[in-house]
Amino acid sequence: MSQKLSSSQLTALAQQFGTPLYVYHAEKIKEQYGKLKNAFRNRDTVFFYACKALTNINILKYIKSLGANVDCSSINEVKLALHAGFTPDRVLYTSNGISFGEIQEAKELGVIINIDSVSNLEKFGKAYGHSYPVGLRLRPNIMAGGNIKISTGHAKSKFGIPIEHISEVTAIVEQYNICVHDLHIHTGSDIKDVAVFVKGIEVLFDIIPHFKELKFIDLGGGFKVPYQEGDSETDMEALARKVEELFAAHPEASKLQVWFEPGKFLVSECGYFVTQVNVIKQTPAAKFISVDSGFNHLIRPMFYDAYHRIENISNDAPEDQTYSVVGNICETDTFAWDRKLSEVKEGDYLVFYNAGAYGFEMSSNFNSRYKPAEVLMKDGEPHLIRKRDTFEDLLKNQIEVL
Ligand code: LLP
């Protein structure tokens with residue numbers, strides 16, 4: 001049975017810790033990781049949690065305890081992962097547009113590095129030659145993903161080395177005798193269609209023969225999670241069968257270990273964002289519910305037009321009222337238009353589902369509001385894993401010169 005927190009559990013947490021509040025359910029992360037491991041049980045596959053989705057140190061430690069590795073998108077994420085206890089060989093740094101200094105730092109820390117530009121590859125070759133194996137982040141020219149803003153593999157995307165530059169890459173690899181041990185692609189986020197991953201694998205198969213020291217194929221992340229009622233997630237069993245088939249048909253690739261970098265798939269559904277209703281405002285156009293939050297805390301609806309299921313957990317009557325759910329900040333911050341909810345009263349708790357990935361992580365102090373607190377529910381026990389900001393936090397790094 002799928003792991004879920006109940007309305008009464010969430011209400012109790014809101015009362016204990018206040019709102020707005022991010023709640024993460026550890027056992028749900030375990031369930032999701034179990035799906036991945038189980039689907040790929042017949043193939044040598046390693047999962048690197050794309051920690052950009054949620055970097056709370058307790059989440060990192062928990063995911064480490066499950067046996068997953070970690071994928072990072074900045075040197076600070078690398079340092080957080082090491083701080084959480086991952087050994088460097090379990091930390092992958094898939095870089096994008098970073099300075100060579102940061103690559104040097106990652107190398108000094110001993111983590112695995114995916115390089116995404118010809119320019120940095122050349123600098124890497126000059127500095128380290130064959131002495132430190134490295135991965136190449138390639139752009140496969142595949143359009144995929146739930147939204148153009150989260151599509152990364154298409155022909156106009158800034159990410160990766162365009163696949164058509166492969167001869168330039170091989171020339172540099174040869175010139176400096178670089179040890180390329182992995183090839184990486186990541187086509188986007190929120191991808192349901194298994195065929196997209198198949199296309200990516202096929203692109204990589206074409207270029208595998210250029211690299212003699214390959215050990216790994218890194219297919220990135222981007223698995224879909226069910227944000228809407230009736231949605232389904234990427235079918236992992238179907239994907240695993242496809243991957244097995246494809247590799248079986250390509251003997252030159254069959255010895256390669258497969259890597260994935262799931263972010264949302266591991267931590268999206270584990271997350272609940274609990275808010276409280278400040279004001280109800282009836283206007284000719286809509287009945288607005290203003291909650292004690294805004295896009296400063298959950299930016300996905302405004303930034304990606306993302307849909308998050310919302311429920312009034314203070315009233316279990318039928319969802320037969322129509323509302324626009326908005327925030328309390330100084331510009332338009334609509335969470336949902338014309339959404340059916342059970343009748344809402346001021347003071348009720350509204351929960352946003354599927355808020356674990358890129359929720360807290362993309363939050364800000366806009367309007368000088370505090371960032372929400374975070375709670376981890378594990379083995380039925382709540383643990384406060386981040387305090388709500390305080391007024392001092394707003395001033396912490398400011399230097400008063402006047
Ligand atoms: N690997 C790489 C190289 C990535 O760039 C990403 C996400 C992932 C893995 C993990 O993708 P996931 O499994 O989480 O879809 N803020 C957006 C998503 C941005 C994803 C950026 N890269 C959102 O809230 O939808």
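Just follow the structure's listing: the first ligand is 1, and inside any ligand the first atom is 1.
- Taking distance alone, with nitrogen or oxygen atoms compared against 3.5 Å, Lys52 approaches ligand 1 more closely than that limit.
- Scanning the protein for heavy atoms near atom 24 (O) of ligand 1, the closest one is Arg300 NE, 2.6 Å.
- The backbone N or O of Asp292 sits nowhere less than 3.5 Å from a side-chain atom of Arg369 that would complete a donor-acceptor pair.
- Taking only nitrogen or oxygen atoms, main chain and side chain alike, Gly263 reaches within less than 3.5 Å of ligand 1.
- Every atom of ligand 1 with a heavy atom of Met362 under 4.0 Å away is listed here by number and element: 16 (N).
- Counting heavy atoms under 4.0 Å from ligand 1, residue Asp71 touches it through the side chain alone.
- Between Lys264, Glu261, Glu361, it is Glu261 that holds the heavy atom closest to atom 9 (C) of ligand 1.
- Between the side chains of Lys107 and Gln104, not a single donor N or O lies within less than 3.5 Å of an accepting N or O.
- How far CZ of Arg90 is from OH of Tyr49: 14.5 Å, rounded to the nearest 0.5 Å.
- The closest approach between a heavy atom of Tyr304 and any atom of ligand 1 is below 4.0 Å.
- Nearest protein heavy-atom neighbour of atom 8 (C) of ligand 1: His186 CE1, 3.4 Å.
- For Ala53, no heavy-atom contact with ligand 1 is shorter than 4.0 Å.
- Remark: minimum distance from atom 14 (O) of ligand 1 to any protein heavy atom is reached at Tyr358 OH, 2.7 Å.
- The distance criterion of under 3.5 Å between nitrogen or oxygen atoms is met by Gly222 with respect to ligand 1.
- Side-chain atoms of Asn76 and Ser74 form no donor-acceptor pair, as typed in the model, at a separation below 3.5 Å.
- Ring orientation note: the planes of Tyr33 and Phe47 are nearly perpendicular, at an angle over 60° on the 30°/60° scale.
- Taking only nitrogen or oxygen atoms, main chain and side chain alike, Thr94 does not reach within less than 3.5 Å of ligand 1.
- Of the possible polar contacts, one joining the Ser131 side chain to the Tyr128 backbone as a donor-acceptor pair under 3.5 Å is found.
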Quick one: do Glu31 and Lys28 satisfy salt bridge (Lys or Arg N to Asp or Glu O under 4.0 Å)? Show the steps, please.
CA-CA 5 Å; Glu31 179 188 324; Lys28 182 65 189 173; 3.1 Å; yes
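- Protein heavy atom in closest approach to atom 19 (C) of ligand 1: Ile150 CG2, 3.8 Å.
- The ring of Phe223 has its center closer than 6.0 angstrom to the ring center of Phe260.
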